[in-house]
Number of protein chains: 2
Amino acid sequence: MLTEGLLQDRTDASCAPARCLSCKARGSSLCAAMADSELSALHAIGRRRTLPAGQAFNWAGDRNNHCATVVEGMLKVTASTTDGREQIVGLLFPGDFVGELFEEDATLTVSALCETDLCIYPRAAFERTLEDHPRMERMLLRRTLLALGDARGRMLALGRRNARERIAGFLLDLVERTGHPEAGGGRRIAIPISRGEMADYLGLTIETVSRQLSQLKATGILAFAKGDRGCTVLREASLRAIVNPA
Amino acid sequence: MLTEGLLQDRTDASCAPARCLSCKARGSSLCAAMADSELSALHAIGRRRTLPAGQAFNWAGDRNNHCATVVEGMLKVTASTTDGREQIVGLLFPGDFVGELFEEDATLTVSALCETDLCIYPRAAFERTLEDHPRMERMLLRRTLLALGDARGRMLALGRRNARERIAGFLLDLVERTGHPEAGGGRRIAIPISRGEMADYLGLTIETVSRQLSQLKATGILAFAKGDRGCTVLREASLRAIVNPA
DNA sequence: ACCGCGATTTGATCGGTATCAAAGCCCCCG
DNA sequence: CGGGGGCTTTGATACCGATCAAATCGCGGT
């Protein structure tokens, strides 16, 4: 018994080293489905890497050998036409899973929007781990279903909403995800991506994104801080009215 | 032993009745992840229903109490704006899973494109069954990942491709899924949906769908049979060139 | 403080798709 | 065989967003 206990402790120590236990994504990533003592399985195959802003995690068309979880930072997932038009089909935040499972070749490009820390796994090893840990698999299923729901909402936006509505919807998403109240009643948000990236996300051009934002400012719905990356939503209800017309 | 055998037989008989064993979706639906002897779990909660063409399986906004698998027929999954614009965000074929899991309320409307047979389960019971059958859960994960990949491809189409390219891509999908060779080198397909549904699927209007198809006919890429729902793709390579411009 | 470069805004024009309207076709049903 | 209704095609026009072009802004480096 005592021996077992000691062994257990030792195993635990190697299973769940400080790197995992103190990881910022411990509670929000797929790892959250695992007990401390189970973390060894992922720890054994994962390695940390930080990706500088703008750098790709992988390219569409490459062999699909790795997946990862976002520890800190942000990434974009893009699909492209052969002649170079781009569409951002997903954004990834801390805790999110990165990669396409069960595919031999990557069809999408994933790249960092800012300096980003990842915990990277060989895909094959990760898939095997998944089989051994049903709770993790279940969590991945839930996330995938959420991602699918999100994708479907974006299909509606891309297929049927005009520029104004897409912009308003995007800003509302930001407000709901990250907005925090401000003196004066507005809610402040940081727009975490450039105009060009907003355009790629919304299926528009840089120019119409800019024009629509200017118009929202002119209407008093939005106010920009110096430097443009921060703004405050003064009339959230108006944004909602734009997204959901009568 | 003998008794056990008899009991086993009896159990098997009730577990996997003719309804399941002879089901057209037995090999392609989630049921394919189950041994004959396991089918009881789904059989116990499932009931068959046939939906007439045009009828809804459920409406966005309703309580999300049921899910199903498609036995025969076709359904569309639509998202809508508050003012009535519609986007088809998915098409469902025999073997496909129907419904949004782990959501209290439905956000999407599902309706039959033609007379459709379903095997319907109460959602809560289905989710419990999923927990008890990891192989089924794994299969659902794979399907959900495929659906997500598909959704991402469609986001690229809706956000960045023009009408011509969307139509060509849709026709190619049909050719690849259901096309069969014809004397003269072309491949024959049946377009399984109306012009209006094509428009809702591709984020276009009926008129531009019609015009684009007429243009493909005029160019000799497509030929229509009498009655329009069947056509043959004469120059598949041209379609590919449209979808993937240099 | 000045310069220079990339990002953003703003302006002018073009084009593709939506919209409005009408004609044609197909099929069902009497 | 003829009429009717819905689906589809075709035509004319309007408008939104893309494209082309230029000015402005913001920021880091000197």
Side-chain angles (χ1 to χ4, degrees), chain A residues 53-54 76 81 83-87 113-114 156-171 190-219 222-231 242 245, chain B residues 52-54 76 81 83-87 113-115 156-171 190-219 222-231 242 245:
Chain A
K76 62 177 176 180
T81 60
D83 62 347
R85 284 167 284 171
E86 283 206 357
Q87 175 69 41
L113 290 169
C114 58
L156 176 62
L158 295 171
R160 293 302 187 200
R161 291 198 207 277
N162 64 28
R164 213 171 135 67
E165 294 167 337
R166 294 185 207 183
I167 295 278
F170 176 72
L171 292 173
I191 297 179
I193 55 178
S194 71
R195 296 290 182 267
E197 284 154 349
M198 279 185 71
D200 284 347
Y201 186 76
L202 298 170
L204 300 169
T205 58
I206 291 179
E207 293 93 328
T208 92
V209 168
S210 180
R211 271 187 256 270
Q212 294 296 333
L213 287 174
S214 297
Q215 196 182 318
L216 288 175
K217 186 175 72 176
T219 330
L222 218 57
F224 286 94
K226 275 271 172 128
D228 304 323
R229 282 307 239 266
C231 73
I242 291 171
Chain B
K76 63 177 175 180
T81 60
D83 62 347
R85 284 167 285 169
E86 283 206 357
Q87 175 69 41
L113 290 168
C114 58
E115 185 168 292
L156 176 61
L158 294 171
R160 293 302 187 199
R161 291 198 207 277
N162 64 28
R164 214 173 135 65
E165 294 166 337
R166 294 184 207 183
I167 296 279
F170 176 72
L171 293 172
I191 298 179
I193 55 179
S194 71
R195 296 290 183 268
E197 284 154 350
M198 278 184 71
D200 283 348
Y201 186 76
L202 298 171
L204 301 169
T205 59
I206 292 179
E207 294 93 328
T208 92
V209 168
S210 181
R211 272 187 255 269
Q212 294 296 333
L213 287 174
S214 297
Q215 195 182 318
L216 288 175
K217 186 175 73 175
T219 331
L222 219 56
F224 285 93
K226 275 269 172 128
D228 304 324
R229 282 308 239 265
C231 73
I242 291 171

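Below, all heavy atoms of this structure are taken into account, side chains as well, without hydrogens, waters or symmetry copies. Below, read A as the first sequence line, B as the second, and so on, with proteins coming before strands; counting in each chain starts at 1. Note that this is a predicted model, so its numbers are computed, not measured.
- Pairs of residues two or more places apart, or lying in two chains, that qualify as salt bridge (charged side-chain N to carboxylate O under 4.0 Å, His left out) and include a residue from residues 196-209 of chain A are A:D200-B:R160.
- The separation between B:L216 atom CG and D:dT9 atom C1' is 15 Å, rounded to whole Å.
- Between the CD1 atom of B:I193 and the C1' atom of D:dC7 there is a distance of 14 Å, given to the nearest Å.
- DNA chain D is contacted by A:T205, A:E207, A:T208, A:R211 of residues 205-213 of chain A, taking any non-hydrogen atom closer than 4.0 Å.
- Between the side chain of A:R166 and the main chain of A:L158, a donor-acceptor pair closer than 3.5 Å is present.
- Spacing between atom CG of A:L158 and atom C1' of D:dG17 amounts to 14 Å, rounded to whole angstrom units.
- The side-chain hydrogen bond (donor to acceptor under 3.5 Å, both in side chains) search around A:E86 returns none, not counting sequence neighbours.
- Nearest heavy atoms, B:P245 versus A:D83: CG-OD2, 3.6 Å.
- Summarising the geometry, atom CZ belonging to A:R195 is positioned 10.0 Å from atom CD1 belonging to A:I206; distances are rounded to the nearest 0.5 Å.
- Residues forming a salt bridge (Lys or Arg N to Asp or Glu O under 4.0 Å) with A:R211 (at least two apart in sequence, or on another chain): none.
- Contacts between residues 160-170 of chain B and DNA chain C, defined by a heavy-atom separation below 4.0 Å, involve B:N162, B:A163, listed by number.
- In this entry the distance linking CG of A:L222 with C1' of C:dT9 reads 15 Å, nearest Å.
- In this structure, A:F224 places its CZ atom 14 Å from C1' of D:dC25, rounding to the nearest Å.
- The line from CD1 of A:I167 to OG1 of A:T208 is 6.5 Å long, rounded to the nearest 0.5 Å.
- Here CZ of A:F170 is found 11.0 Å from CG of A:L204. Values are rounded to the nearest 0.5 Å.
- Between B:R85 atom CZ and C:dT17 atom P the separation is 18 Å, expressed in whole Å.
- Helix bend of the helix from C:dA1-D:dT30 to C:dG30-D:dC1: the angle between its two end axes, each built from five pairs, comes to 30° after rounding to 10°.
- Distance SG/A:C114 to CD1/A:I193: 11.5 Å, rounded to 0.5 Å.
- Nucleotide D:dC7 holds its P atom 16 Å from the CE atom of B:M198, rounded to whole Å.
- To the nearest angstrom, P of D:dT10 lies 10 Å from CZ of B:R195.
- Note that the CD atom of B:Q212 and the CD1 atom of B:I242 stand 8.5 Å from one another [nearest 0.5 Å].
- Rounding to the nearest 0.5 Å gives a distance of 10.5 Å between OG1 of B:T81 and CD of B:Q87.
- Between B:L204 and A:K217, the residue anchored nearer the 5' end of DNA chain C, judged by the nucleotide with its closest heavy atom, is A:K217.
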